[in-house]
Protein chains: 2
Amino acid sequence: MRISELAERTGVPVPTLKYYLREGLLPAGQAQGRTRAAYADTHVERVRLIRALVEGAAMPIASVRAVVRAIENPPASRHELLGVAHGLIPHPHQGAEVTDEVRQLVADAGWSVSSTAPALPMLAGAIATARSAGLTLDLAVLLDYAAAADGVAAVDLREVVEQSPADAVRSVAVGTVLLDVVLAAMRRLAQESSSARGSG
Amino acid sequence: MRISELAERTGVPVPTLKYYLREGLLPAGQAQGRTRAAYADTHVERVRLIRALVEGAAMPIASVRAVVRAIENPPASRHELLGVAHGLIPHPHQGAEVTDEVRQLVADAGWSVSSTAPALPMLAGAIATARSAGLTLDLAVLLDYAAAADGVAAVDLREVVEQSPADAVRSVAVGTVLLDVVLAAMRRLAQESSSARGSG
């Protein structure tokens with residue numbers, strides 16, 4: 001298909017598609033003469049993936065580029081896959097100091113993680129921010145949340161083990177970011193339901 | 001204390017504090033003559049709460065104002081409290097259509113929620129975005145995530161029932177938004193740990 005049809009099928013304007021081509025997010029179409037190129041269904045899929053990350057997850061263009069390159073060129077070893085996928089997605093609180101409390105929490109939760117995992121400063125920073133807003137969050141409460149997070153991660157990883165490396169990178173990088181919003185919505189619904197039951 | 005000391009203790013510059021005063025986020029100090037006012041420890045706490053919401057949760061000023069007003073003036077009935085607190089915080093995908101699938105999911109999860117809950121379009125929009133990025137997310141997987149969300153909500157609400165209405169509004173509104181980041185960090189750590197164990 002021509003770029004105009006790609007624009008029509010994805011709802012993304014031609015100038016934006018050209019921007020994605022220039023930025024290396026979208027692979028070039030097959031050249032058909034000097035000024036034309038033909039695009040395939042794989043381009044439609046790729047544009048939808050880019051839109052979901054840019055619009056749905058507010059991911060910066062540089063991170064989106066890193067995700068699509070890793071999908072095109074997944075790590076050979078399954079062992080590296082998760083670290084690579086985590087390295088691609090933005091982690092807030094990057095500069096936060098990993099506290100002894102966070103190390104204790106990780107140990108008490110029974111988690112075995114790399115000391116350079118970007119989720120460690122993310123957790124330390126998020127806890128500090130929540131406390132500065134007046135929330136208490138003692139270690140017992142944090143451990144209960146950690147147990148709930150284990151439940152989420154078990155669902156996350158169940159399907160990934162059966163997938164090809166390229167699909168697995170996509171599932172982890174894209175799924176981690178986009179399902180954070182699905183899980184946040186479910187948390188609000190579960191709160192409301194549980195509160196209604198409590199007072200009903 | 002004077003406004004300069006409030007600035008020093010919170011690390012927030014005086015012009016920003018004056019902006020918070022004008023915007024109604026921070027209550028006026030006690031007047032001491034025509035151009036001076038005295039601020040108390042409650043102002044320090046309030047400034048920290050505002051900073052956590054503005055910086056830590058990237059919440060718009062209008063939402064922060066709604067949260068601080070609700071804390072000053074909490075709903076009389078505990079039954080309304082959660083709905084009020086949820087109404088204060090931003091929900092992405094506000095215009096999304098609530099699909100039959102989401103209604104089915106809510107029913108299958110055993111959740112009893114208002115048909116106007118803002119988390120319903122949030123969930124529908126987040127699921128649609130994740131699927132447009134190529135994730136499958138069948139109903140069985142969504143139900144497993146819903147069960148994990150019940151675990152999170154149980155921890156969320158356990159402490160709230162013992163609190164005063166003002167503290168409960170703060171816990172729900174602030175805790176829901178800021179702990180989303182804590183939970184997202186824990187989910188990444190639990191994934192890494194579970195993956196390391198799987199391949200080890």
Side-chain angles (χ1 to χ4, degrees), chain A residues 45 48-49 51-53 56 78-79 82 86 92 106 111-113 117 119 122-123 126-127 129-130 132-135 141 144-146 148-157 161 170-171 174-176 178-199, chain B residues 45 48-49 51-53 56 78-79 82 86 92 106 111-113 117 119 122-123 126-127 129-130 132-135 141 144-146 148-157 161 170-171 174-176 178-199:
Chain A
E45 256 176 57
R48 289 193 180 133
L49 170 63
R51 293 303 280 182
L53 294 176
R78 294 198 73 83
H79 187 65
L82 202 105
H86 276 186
V106 166
W111 288 333
S112 133
V113 295
M122 180 179 174
L123 180 57
I127 291 173
T129 300
S132 72
L135 301 177
V141 168
D144 289 338
Y145 282 125
D150 276 329
V152 174
V155 186
D156 287 334
L157 294 182
V161 294
R170 180 168 66 179
S171 291
V174 176
T176 299
L178 293 179
L179 298 190
D180 276 347
V181 188
V182 170
L183 290 162
M186 287 182 167
R187 180 179 169 218
R188 286 153 179 72
L189 292 169
Q191 281 180 357
E192 182 180 332
S193 176
S194 166
S195 166
R197 230 174 272 133
S199 31
Chain B
E45 255 175 58
R48 289 192 179 134
L49 170 63
R51 293 304 279 182
L53 294 176
R78 294 198 74 82
H79 187 65
L82 201 104
H86 276 185
V106 166
W111 288 334
S112 132
V113 297
M122 180 178 173
L123 180 56
I127 290 173
T129 300
S132 72
L135 302 177
V141 168
D144 290 338
Y145 282 125
D150 275 328
V152 174
V155 186
D156 289 332
L157 293 181
V161 294
R170 180 167 67 180
S171 290
V174 177
T176 299
L178 293 179
L179 298 191
D180 276 348
V181 187
V182 170
L183 291 162
M186 288 182 166
R187 179 179 168 217
R188 285 152 177 73
L189 293 169
Q191 281 180 357
E192 181 179 333
S193 176
S194 166
S195 165
R197 230 173 274 134
S199 31

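Lettering of chains follows the sequences in order, A, B, ..., and the numbering in each one begins at 1.
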J.: For a quick test of reading the model, state the closest non-hydrogen atom pair linking Ser171(A) to Leu135(B) and the distance between them.
T.: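 In this case the closest contact between Ser171(A) and Leu135(B) is CA-CD2, 4.0 Å.
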
J.: Hey, which of Val141(B), Leu49(B), Val106(B), Val113(B) has the most heavy atom pairs under 4.5 Å with chain A?
T.: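 Answer, by heavy-atom pair count under 4.5 Å with chain A: Val113(B).
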
J.: Does the Arg187(A) side chain pair with the main chain of Ala153(B), one donor and one acceptor, at a distance under 3.5 Å?
T.: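 Flag not set: sc Arg187(A) to bb Ala153(B) has no pair under 3.5 Å.
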
J.: In terms of heavy-atom pairs under 4.5 Å with chain A, which of Leu179(B), Val181(B), Val161(B) leads?
T.: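 When all of Leu179(B), Val181(B), Val161(B) are compared, Leu179(B) has the most.
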
J.: Among Ala154(B), Ala133(B), Ala146(B), which has the most heavy-atom pairs under 4.5 Å with chain A?
T.: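 Max contact count across the listed options: Ala133(B).
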
J.: What option among Ala148(A), Ala190(A), Ala184(A) has the most heavy-atom pairs under 4.5 Å with chain B?
T.: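 Of the options given, most contacts go to Ala190(A).
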
J.: Highest number of heavy-atom pairs under 4.5 Å with chain B: which of Leu123(A), Asp156(A), Val182(A)?
T.: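 Heavy-atom pairs under 4.5 Å are most numerous for Asp156(A).
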
J.: Measure the spacing between OH of Tyr145(B) and CG of Leu183(A) and express it to the nearest 0.5 Å.
T.: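 These two atoms lie 6.5 Å from each other.
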
J.: So how far is it from Leu178(B) CG to Ile127(A) CD1, rounded to the nearest 0.5 Å?
T.: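 It is 12.0 Å, given to the nearest 0.5 Å.
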
J.: List the residues meeting side-chain hydrogen bond (donor to acceptor under 3.5 Å, both in side chains) with Ser132(A), not counting sequence neighbours, and say none if there are none.
T.: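 Expected list: none.
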
J.: Holding to side-chain hydrogen bond (donor to acceptor under 3.5 Å, both in side chains), I want the full list of residues that pass it with Arg48(B), two or more places apart in sequence or in another chain.
T.: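 Counting only residues at least two positions away or on another chain, Arg48(B) forms no side-chain hydrogen bond (donor to acceptor under 3.5 Å, both in side chains).
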
J.: Relative to chain A, which of Leu157(B), Val174(B), Asp150(B) shows the most heavy atom pairs under 4.5 Å?
T.: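 Heavy-atom pairs under 4.5 Å are most numerous for Leu157(B).
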
J.: Please determine, among Gly134(A), Gly56(A), Gly151(A), the option with the most heavy-atom pairs under 4.5 Å with chain B.
T.: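 Most pairs with chain B among the choices: Gly134(A).
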
J.: Under a 4.5 Å cutoff for heavy-atom pairs, which residue among Ser112(A), Ala117(A), Gly175(A), Ala130(A) has the most contacts with chain B?
T.: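 Of the candidates given, the most pairs with chain B belong to Ser112(A).
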
J.: With a 4.0 Å cut-off, would you call Arg188(A) and Asp180(B) a salt bridge?
T.: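 Salt bridge: yes.
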
J.: Nearest 0.5 Å, please: how far is CH2 in Trp111(B) from CE in Met186(A)?
T.: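 Reported value, rounded in 0.5 Å steps: 5.0 Å.
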
